[in-house]
Each structure stands twice: as C-alpha cells, then as structure tokens.
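These notes concern the structure reproduced below.
Values below: all heavy atoms of this structure, side chains included; hydrogens, waters and symmetry mates excluded.
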Amino acid sequence: QVQLVESGGGSVQAGGSLRLSCAASGYTFNAYCMAWFRQAPGKAREGVAGIRTGHATTYSDSVKGRFTITRDNGNDVLYLQMNDLEPDDTATYYCARRAGQGSGPWCLDFSPEGWGVWGQGTQVTVSS
C-alpha cells in the first residue's frame, strides 16, 4: 500500500522556522520525483518545492531562498526546511509523489494532475 505521511507542522511567529517531514512507504522511493504543495483557505493548491530522484530541485518564486527541499533515499523520507516564515505561508502542506517513475525535467511540473499520490497534509500557521 503506497502511503505518504507528513509531520512537523505547527504554529510559529513570523521569522521563525519549521521542518516538515514526509515518510514514504509501499513503493521504491528513489524512483520517483517528489514535491511539497500547500493550500490556504479559499485558495487553489500550489506547488512550492520539487525534487528529482537525483536531487535537482525547483521552487516557486514565493518561497525561493527561504525553503529547502531534500530527500533521504536511504530512509524514504522527504523534507522541507522552512526558514524566515511569513504569515502568507500559512496553509496546509502536502507531500506528493509523481504519478509515474522517472526523473526528467518534466517531473518538476507542479500541475496537480501529474501527481498521483498525496499525503493527508500538515497544518502550518504563521502569526505576525
């Protein structure tokens, strides 16, 4: 059974940091691109960071320079280090696995239909 389980969310003040984790199971973790998405109330889900199997990364403009995505292929865990958090970062954060295997540049496209497995989400709240 393919499963993604996020943890590490919480409430912080602006300027603070959080580290999200996503534990993957039920498939060959290092064969798939992974990403973090977020969804704020009343807004569409948006991709914030993606990572290829070989560790190449991409970021949305809104988080570039503040967030870092990494993966531990030995322990099947995806991370998102979030620094200098802002109130606009408040959202539910989701870990996602690409629908198909492989690691071309295409796999860092954040269009939601390309991502076949989703976690349940973890809430991040940033107060001013």
Check for a donor-acceptor pair, side chain of [X] on one end and backbone N or O of [Y] on the other, with a separation under 3.5 Å.
X	Y	result
Arg52	Met34	no
Ser103	Thr53	yes
Thr122	Gly9	yes

Can you confirm if the NZ or CZ of Arg97 lies within 45° of the ring axis of Trp118 and under 6.0 Å from the centre of its six-membered ring?
no
Tell me, please, whether Tyr79 has Arg19 positioned over its six-membered ring: NZ or CZ under 6.0 Å from the ring centre and within 45 degrees of its axis?
yes
I'd like to check the side chain to side chain donor-acceptor pair (under 3.5 Å) partners of [X]; sequence neighbours left out, ordered by chain and number.
X	answer
Asn30	none
Ser128	none
Asp84	none
Asp88	none

Interatomic distance, [X] atom [atom1] to [Y] atom [atom2] [nearest 0.5 angstrom]:
X	Y	atom1	atom2	value
Asp109	Trp115	CG	CH2	8.5 Å
Tyr32	Tyr27	OH	OH	8.0 Å
Asp76	Cys22	CG	SG	10.0 Å
Ser127	Gln13	OG	CD	5.0 Å
Gln123	Thr90	CD	OG1	7.5 Å
Asn75	Leu78	CG	CG	13.0 Å

Please examine the side chains of His55 and Thr70, heavy atoms only from C-beta on, and report whether any two atoms are closer than 4.5 Å.
no
Is the shortest heavy-atom distance from the side chain of Thr92 to the side chain of Val124 under 4.5 Å?
no
What donor-acceptor contacts under 3.5 angstrom involve side-chain atoms of residues 37-51, with partners at least two apart or in another chain?
| unit_1 | atom_1 | unit_2 | atom_2 | d |
| --- | --- | --- | --- | --- |
| Arg38 | NE | Glu46 | OE2 | 2.7 |
| Arg38 | NH1 | Asp89 | OD1 | 2.9 |
| Arg38 | NH1 | Tyr93 | OH | 3.0 |
| Arg38 | NH2 | Glu46 | OE2 | 3.2 |
| Arg38 | NH2 | Ser62 | OG | 3.4 |
| Gln39 | OE1 | Arg45 | NE | 3.4 |
| Gln39 | OE1 | Arg45 | NH2 | 3.4 |
| Gln39 | NE2 | Lys43 | O | 3.1 |

Can you give me the closest heavy-atom contact between Ala24 and Leu4, atom names plus distance?
CB-CD2, 3.7 Å
Would you name the heavy atoms of Met82 and Leu20 that are closest together and state the gap between them?
CE-CG, 3.8 Å
Taking only residues two or more places apart in sequence or in another chain, which ones pass side chain to side chain contact (heavy atoms under 4.5 Å, CB included) with Ala14?
Pro87, Val126
